[in-house]
Amino acid sequence: MTTTSPPDPSFSSLLPLFFPPDLLAAFSVTGHRIVRHPKTNDETVEVMLEEKNTPPVIPDEHRGKRITSQGFHRPITLQHFPIQDRFCLLVVHRRRWEIEGAGTLERVLSFLPDTGLKITTPFAAFLKEADRTRAGGSRSHRETVRSEEA
């Protein structure tokens with residue numbers, strides 16, 4: 001079962017507890033849905049994010065030039081920290097910015113991985129540290145949570 005709903009403004013004060021600060025500064029939450037896997041019955045939370053229509057920091061050599069949004073790149077999907085033992089995916093819609101007569105511009109965001117990974121940078125750091133400290137190191141988050149509940 002899949003449900004889709006628009007963001008509820010009353011929860012905006014909770015968003016900083018779940019998402020990196022630069023994500024909330026540059027993106028708006030446009031919706032979410034819960035997707036249930038047909039075979040395993042596991043639920044995944046998908047949060048849709050859209051880059052705000054405010055230009056990123058302009059390099060000095062392009063000051064004074066007009067910058068316009070030229071639509072969106074293809075959305076990217078990143079895995080983020082689980083929420084209530086549900087996988088959490090961020091569906092990120094980034095804008096394409098064009099500098100008049102000079103090419104394109106892209107906002108630099110610390111939560112996006114440089115390496116081509118499909119997980120957020122804070123989540124990658126968390127997993128790396130968890131792998132260092134956990135004996136065995138081969139269990140998934142769900143296996144860890146379930147074994148701790150038993």
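Here the structure is a predicted model, which means the values were calculated and not measured.
When side chains are defined from C-beta on, Phe87 does not count as touching Val35, because their heavy atoms never get closer than 4.5 Å. Side-chain contact between Glu106 and Arg94 is present, with at least one heavy-atom pair separated by less than 4.5 Å. Counting only heavy atoms from C-beta outward, the side chains of Val91 and Leu49 never approach each other to under 4.5 Å. By the 4.5 Å heavy-atom criterion applied to side chains, Thr44 and Arg86 are not counted as neighbours. Within the 4.5 Å cutoff, the side chain of Leu89 has no heavy atoms near those of the Val47 side chain. Contact of the Val92 side chain with the Phe27 side chain is registered, since non-hydrogen atoms from C-beta on lie closer than 4.5 Å.
A 6.0 Å sphere centred on CZ of Arg66 holds no more than 12 heavy atoms belonging to other residues, nucleotides or ligands.
Sorted by first and then second residue, the pairs that involve residues 54-65 and meet salt bridge (Lys or Arg N to Asp or Glu O under 4.0 Å), not counting sequence neighbours, are Asp60-Arg63.
To the nearest 0.5 Å, atom CG of residue Asn53 and atom CH2 of residue Trp97 are 4.5 Å apart. Distance check, rounded to the nearest 0.5 Å: NE2 of His32 to SG of Cys88 gives 10.5 Å. In this structure, Leu105 CG and Glu98 CD are separated by 10.5 Å, a value rounded to the nearest 0.5 Å.
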What side-chain donor-acceptor pairs closer than 3.5 Å can you find for residues 67-74, not counting sequence neighbours?
unit_1	atom_1	unit_2	atom_2	d
Thr68	OG1	Gln70	NE2	2.8
Ser69	OG	Arg95	NH1	3.1

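In this structure, the side chain of Ser28 does not engage the main chain of Thr30 through any donor-acceptor pair within 3.5 Å.
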